[in-house]
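In the text below, chain A, chain B and the rest are named by the order of the sequence lines, each starting its count at 1.
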2 protein chains.
Amino acid sequence: MKQSKKRRVTLQQVAEHAGVSTSTASLIVRNNPRISEATRQKVLQSMRELGYVYDRVAANLRSQSSTTVGLIITDISNTFFSEFLIGVHDALEEVGYTVLLGTTFDSIDKQDHLISTMLEHRVGGLILCPVSGTAQETALRLEQLDIPVVLAVREIPEIKCDYVGADYREGALSAVNHLIQKGHKRIAFLGGIRESSTWVKRMEGYQTALLEAGIEVDDSLVIDSAPTREGGLEALSKILRLSKRPTAIFCFSDLIAFGVMQGVRQAGLIPGEDVDIVGFDNVPEAEISHPPLTTVSSFPRRSGTEAANLLHHKMSNTNHKQQRIILKPELIIRESS
Amino acid sequence: MKQSKKRRVTLQQVAEHAGVSTSTASLIVRNNPRISEATRQKVLQSMRELGYVYDRVAANLRSQSSTTVGLIITDISNTFFSEFLIGVHDALEEVGYTVLLGTTFDSIDKQDHLISTMLEHRVGGLILCPVSGTAQETALRLEQLDIPVVLAVREIPEIKCDYVGADYREGALSAVNHLIQKGHKRIAFLGGIRESSTWVKRMEGYQTALLEAGIEVDDSLVIDSAPTREGGLEALSKILRLSKRPTAIFCFSDLIAFGVMQGVRQAGLIPGEDVDIVGFDNVPEAEISHPPLTTVSSFPRRSGTEAANLLHHKMSNTNHKQQRIILKPELIIRESS
DNA sequence: CTGAAAGCGCTTACAG
DNA sequence: CTGAAAGCGCTTACAG
């Protein structure tokens, strides 16, 4: 962990070289306008000559500030989250923050550990996609942090916190309604983790749609799974073993849907013909899958941007009021249904 | 940028509370074993009571060390890089480093700026996927950094540096040979940026394969493009306008190949039947695309892991010898060819 | 517009 | 095994 043998060039050395005081040099690195242009040029020249690199860490320590933000997500290989990450990252970079990245893989321990690490690194704010079933203890801890926190995607019901997400219930409702309108009566709901708030919301939408159409909810058609492509494949294999198979499948996410489509094909059926499939999220791959996937866009990238902007606002305004930003999902009909 | 109103609990306060000196408390946070178990427990208890959070930034400043690593990639939405990111991130997290993330989107200015930001944040090491056409100036600067640097994916010919990548020439060779063996004589090479070392290497492989098979290289069949799906789509549209169309297409990357397949379909042709298509990288989507994409695996995730391990080794061993890790690519034949 | 001194929260020798 | 003092590289009042 030891850094360079060579010592860093310090601001003091620069000041000496330029023949000014350290305070003057300090004002210059921070672009304070009340320094004469002549001195400024002289000092900037010394910096170049000595190869000076500003030490933001020391500066932040002294001034009790921070130029970093922590971002904790579940899994980068899940395109939903990588899209979310892009949204957050780009928005924060634009306003001059550097992001520290952490991934939980849905482990509560990892999440606790990452929160600590972020705090130890003095992040000025935190964007967290909480692990499903985040403990009361963690929740309390989050509430007591003295840096701004924005929750995203999943919610923690126990605490009040700024939050960015989509109306998952509404999204599920529109997806299932679409299937009902196509004449389906046996519609499965596949994949996802039951403990997750995002699952619960989708389940509500699923049930509501069925009930409103006078269709009874058949528990054997609701199968949860790991939120991965493999999870989708597995959930589907259970469906295939059913004596009364569904004619349409509403999937927890696009990732799950890709697994389901793969399984459907392996069983010799054609997605969109023999069985209708709808995903959730509208990740970029949904458009190029074959057949292109009907899905509900939950705007992952935009969620990231919104979360970043909200956090930034919170970090710069002390009188920030708590906000919940709920994006309205959009049904995108393609050929898989 | 101002942090919390509440002041951080300091180690000194903890020490006072526990009735020991600050040095003792410091030894305890760093798990120094020469403190009696009794004192240790007493101090740990005080930390819990006061809600102490270790200030790694202050610690790193004082001890001239770092627990962060900078990672600069081109574009997170390109699955190749997000896979690379996962590899780096997981490997570094495991050994206790936190990663600062930056994306260049192939802009030299952004790259220069990101390198500065990373240095200002006192990263202990840097993994960089250089922008194509990185200037001599930047290259020199990289060479003179006094922190360990590992280059990945693309190379900068001007400088000597640790490097991790795949044998792109070899990969292209095997892809094109595969197409030749299938009887193709008119094989296009589509997409990618000519300035990039990874393009040049693939081009070498492409030419070599053709020449060895006694096929003349037809320049009209080599079309570069932005390294995106849209780029692939565009490059294909140029191909479609040709009077003598190719019967097979070797694509710079899977991402390009997805664009090409999309375009092929839009033109009413069937990929893998009317025209054979081969990609490069083997990103996860290659397996689920339709038809599944024949491609050359360049092991993006493993490249990331290797780069991280190499960097870590370099950071902890002062007598590290410069290394080049070149992964051997692997042709994966699926149904698109 | 510029300077001398103190301090952010930690660790590092050096004594005991 | 524990303590008092100095210092990492910067910024912050406060004087001038």
Those residues of residues 40-51 of chain B lying under 4.0 Å from DNA chain D by at least one heavy atom:
none
What parts of residues 25-33 of chain B reach DNA chain D, counting only heavy atoms under 4.0 Å away?
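Going residue by residue through residues 25-33 of chain B, none turns out to have a heavy atom under 4.0 Å of DNA chain D.
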In this structure, how many angstroms lie between the [atom2] atom of [N] and the [atom1] atom of [X], rounded?
{"X": "B/Glu16", "N": "D/dT2", "atom1": "CD", "atom2": "P", "answer": "17 Å"}
{"X": "A/Tyr52", "N": "D/dG9", "atom1": "OH", "atom2": "P", "answer": "10 Å"}
{"X": "A/Glu120", "N": "C/dT11", "atom1": "CD", "atom2": "P", "answer": "11 Å"}
{"X": "B/His121", "N": "D/dC10", "atom1": "NE2", "atom2": "P", "answer": "14 Å"}
{"X": "A/Gln13", "N": "D/dG9", "atom1": "CD", "atom2": "C1'", "answer": "10 Å"}
{"X": "B/Asn60", "N": "C/dT11", "atom1": "CG", "atom2": "C1'", "answer": "11 Å"}

Please check the phosphate of D/dG3 (OP1 and OP2 only) for any side-chain N or O of B/Ser21 closer than 4.0 Å.
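Yes, because at least one side-chain N or O of B/Ser21 sits under 4.0 Å from OP1 or OP2 of D/dG3.
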At under 4.0 Å, does any side-chain N or O of A/Thr22 touch on OP1 or OP2 of D/dG9?
no
Polar side-chain atom of [X] near backbone of [Y] as donor-acceptor pair, under 3.5 Å:
{"X": "A/Asp55", "Y": "A/Val57", "answer": "yes"}
{"X": "A/Ser316", "Y": "A/His312", "answer": "yes"}
{"X": "A/His121", "Y": "B/Thr98", "answer": "no"}
{"X": "B/Ser26", "Y": "B/Thr22", "answer": "no"}
{"X": "A/Arg122", "Y": "A/Gln64", "answer": "no"}
{"X": "B/Ser66", "Y": "B/Thr68", "answer": "yes"}

Output every pair passing salt bridge (Lys or Arg N to Asp or Glu O under 4.0 Å) with a member in residues 304-318 of chain A, not counting sequence neighbours, ordered by first then second residue.
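Residue pairs passing salt bridge (Lys or Arg N to Asp or Glu O under 4.0 Å), neighbours aside: A/Asp162-A/Lys314, A/Arg302-A/Glu306.
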Do any pairs count as a salt bridge (Lys or Arg N to Asp or Glu O under 4.0 Å) and have a residue in residues 107-118 of chain B, sequence neighbours left out, and if so which ones?
A/Glu93-B/Lys110
Name the stems that DNA chain C belongs to, where each is three or more consecutive Watson-Crick or G-U pairs with both distances under 3.5 Å?
C:1-3 with D:14-16, C:5-12 with D:5-12, C:14-16 with D:1-3
N/O-N/O pairs, protein side and nucleotides 6-8 of chain D side, under 3.5 Å:
from  : atom 1 : to      : atom 2 : distance (Å)
D/dG7 : N2     : B/Arg62 : NE     : 2.4
D/dG7 : N3     : B/Arg62 : NE     : 2.8
D/dC8 : O2     : B/Arg62 : N      : 3.2

Could you work out, with salt bridge (Lys or Arg N to Asp or Glu O under 4.0 Å) as the rule, every residue matching [X], not counting sequence neighbours?
{"X": "A/Asp75", "result": "none"}
{"X": "A/Arg324", "result": "A/Glu155"}
{"X": "B/Arg301", "result": "B/Glu83"}

Under the side-chain contact (heavy atoms from CB on, under 4.5 Å) test, which residues partner B/Thr198, sequence neighbours left out?
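Scan of B/Thr198 (side-chain contact (heavy atoms from CB on, under 4.5 Å), adjacent residues dropped) gives B/Val153, B/Arg154, B/Tyr168, B/Ser196, B/Arg202, B/Phe252.
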Identify, with sequence neighbours excluded, every residue that meets side chain to side chain donor-acceptor pair (under 3.5 Å) alongside A/Gln45.
A/Arg48, A/Glu49
Can you check nucleotides 13-16 of chain C for protein contacts, nitrogen or oxygen pairs under 3.5 Å, and list what you find?
none

Measure up the A/Phe81 and A/Phe84 rings against each other and bin them: parallel (under 30°), tilted (30 to 60°), perpendicular (over 60°).
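A/Phe81 and A/Phe84: perpendicular rings.
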Hey, does B/Val57 reach any base, or is it just sugar-phosphate, or nothing, if we go heavy atoms under 4.0 Å?
nothing
Checking B/Asn31 against B/Arg40: is there a side-chain donor and acceptor pair closer than 3.5 Å?
yes
Quick one about A/Thr134 and A/Gln111 (side-chain donor to acceptor, distance below 3.5 Å, no hydrogens or angles considered), yes or no?
yes
